[in-house]
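These values consider heavy atoms only, across backbone and side chains, with no hydrogens, waters or symmetry-generated copies. Every value quoted in this text rests on a predicted model; they were computed, and no experiment measured them. In what follows, chains are A, B, ... by sequence order, proteins preceding strands, each numbered from 1.
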Number of protein chains: 2
Amino acid sequence: MLRAAVTLADEVGIDALSMRSLAQRIGVVPMALYKHVANKEELLDGMVDVIVGDIDLPTPGADWKAAVRERVLAARASLLRHPWAARVIESRTSASPVVLDHMEALVAAFRAGGFSVDLTHHAMHALGTRMWGFTQEVFPTPAQPADADARAAMLGRFAARYPSIVEMASTTGGCDDQFEFEFAIDLLLDGFERLHQQGWTSAERS
Amino acid sequence: MLRAAVTLADEVGIDALSMRSLAQRIGVVPMALYKHVANKEELLDGMVDVIVGDIDLPTPGADWKAAVRERVLAARASLLRHPWAARVIESRTSASPVVLDHMEALVAAFRAGGFSVDLTHHAMHALGTRMWGFTQEVFPTPAQPADADARAAMLGRFAARYPSIVEMASTTGGCDDQFEFEFAIDLLLDGFERLHQQGWTSAERS
DNA sequence: ACCTGAACACCGTTCAAGT
DNA sequence: ACCTGAACACCGTTCAAGT
């Protein structure tokens with residue numbers, strides 16, 4: 001049933017996944033779903049487990065940096081197969097065993113690399129949702145008028161008000177999401193490494 | 001009307017904010033709202049504008065690092081007043097002028113600091129939702145049984161399976177969210193600064 | 001022309017009636 | 001005891017009827 005829910009969400013989107021539509025897909029009466037899950041939240045929990053469970057386990061034995069990097073990129077690979085998954089993961093209120101397994105592996109990697117408990121804790125927070133392999137896309141496109149002339153006029157006004165954004169958008173073409181993700185994760189990992197080598201302790205709170 | 005929507009969401013939560021409940025609060029018939037907004041999405045857009053518009057503008061003239069830091073922390077201060085706002089911001093599909101103003105100011109700060117267009121672009125991506133002052137909380141607590149004995153037994157099994165998480169959770173008491181946020185933003189800003197000083201160019205893609 | 005009540009096409013979930 | 005259809009309490013939005 002969870003697998004069916006995942007593939008249905010892949011096909012029709014998470015908004016169109018309802019208890020009723022899922023039941024119809026499986027060929028059962030809606031109420032029959034409540035034999036397997038207590039409510040829709042539990043269904044979503046189970047769907048997250050399916051995706052997180054699909055994360056390919058990285059090769060063990062690597063140093064902490066490679067281990068964390070590989071695991072996070074593996075999570076990303078799994079997440080990318082299901083565009084709706086990021087939003088669902090964020091909306092979860094409690095962690096399932098599968099979710100905790102992933103986090104335990106990351107925490108353990110830092111600790112095995114000699115990180116203090118404190119620095120590990122801060123590193124995990126700094127990773128944030130990136131530990132699941134996604135970043136919220138925050139370059140939304142403003143609404144575009146259909147008329148070509150109107151669009152050109154709008155672009156002019158836009159460039160006048162937001163010169164730096166336009167410069168950036170026109171210089172860099174489309175974004176390479178994978179590159180941006182790796183750029184950010186490597187920046188963070190390098191930062192963690194530097195703090196670790198400097199013997200960072202929480203006493204250094206500014 | 002937008003202000004009323006914001007305060008209603010503050011009071012009853014974003015899930016309980018419906019076109020119908022908002023209309024009732026204002027004392028109008030539900031359909032009357034559609035004189036002001038085309039649909040609920042437009043209402044949410046407007047609510048985001050109210051919150052982003054409340055961001056206290058930082059003192060101009062500071063260097064790029066202080067300017068970005070101040071602006072991001074100012075965004076955080078505004079966001080913290082409305083716990084539901086983070087989720088709504090993430091769900092927006094198009095940027096309003098107020099949203100673009102905030103982004104323009106950040107991009108302009110990097111450029112004024114001498115950052116290349118490319119590095120600015122990557123830095124904005126690396127900031128991600130942190131430019132709005134929030135991080136997705138990703139330390140969800142597992143479901144806890146009410147019975148005390150059952151809870152103790154569960155904790156034992158938990159510690160056996162997730163030793164590193166338990167070590168981390170028990171060493172660091174509750175999380176200081178503000179500290180974690182500043183830790184991460186400073187790590188990123190330091191990373192940006194280092195790359196900038198090294199004359200980073202996108203040719204260095206690994 | 002403007003406003004608005006009823007209606008439509010959905011939800012998740014409860015519950016009582018049927019087997 | 002188990003299953004399930006109808007019903008309940010909601011949604012956002014359409015639309016036609018009333019002013």
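- Map V29(A) and E41(B) each onto its nearest nucleotide of DNA chain D; the residue landing nearer the 5' end is V29(A).
- Relative to the side chain of Y34(A), the nucleotides dC15(C), dG12(D), dG12(C) differ in distance, and dG12(C) lies closest.
- Nucleotide dG12(C) holds its P atom 13 Å from the CD atom of Q24(A), rounded to whole Å.
- Base pairing annotation: dT19(C) forms a Watson-Crick or G-U wobble pair with dA1(D), both donor-acceptor distances under 3.5 Å.
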request  = Give the intermediate values and the outcome of side-chain contact (heavy atoms from CB on, under 4.5 Å) for residues H82(B) and V88(B).
outcome  = CA-CA 10 Å; H82(B) 311 282; V88(B) 176; over 6 Å; no

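- Closest approach to the M31(B) side chain among dT13(D), dC11(C), dG12(D) is made by dT13(D) (side chain taken as heavy atoms from C-beta onward).
- Here the P atom of nucleotide dC10(D) and the CG atom of D15(B) are 15 Å apart, to the nearest Å.
- Taking the six-membered ring where tryptophan is involved, the planes of H196(A) and F115(A) are essentially parallel, since the angle between them stays under 30° and well short of 60°.
- A salt bridge does not link D186(B) with K65(B): none of the charged nitrogens is closer than 4.0 Å to a carboxylate oxygen.
- A straight line from CG of L33(B) to C1' of dT4(C) spans 13 Å, rounded to a whole angstrom.
- With rounding to whole Å, L43(A) atom CG is found 14 Å from dC11(C) atom P.
- Here M19(A) lies in heavy-atom contact (under 4.0 Å) with sugar-phosphate atoms only.
- One C1' atom belongs to dG12(C), the other to dT14(D), and the distance between them is 23 Å to the nearest Å.
- In the set dT13(D), dG5(D), dT13(C), the nucleotide with an atom closest to the side chain of K40(A) is dT13(C).
- Going from atom CG of L44(B) over to atom C1' of dC11(D) covers 14 Å, rounded to whole Å.
- With a 3.5 Å ceiling on both atom-pair distances, the Watson-Crick or G-U wobble partner of dA7(C) is dT13(D).
- Residues D10(A) and W84(A) bring a donor and an acceptor atom of their side chains to less than 3.5 Å of each other.
- Annotation: of the two residues near DNA chain C, N39(A) and R20(B), the 5′-most nearest-nucleotide partner is R20(B).
- Comparing dT13(D) with dT13(C), their C1' atoms sit 23 Å apart, to the nearest whole Å.
- Side chain to side chain, D45(A) and S96(A) fail the donor-acceptor criterion of an N or O pair below 3.5 Å.
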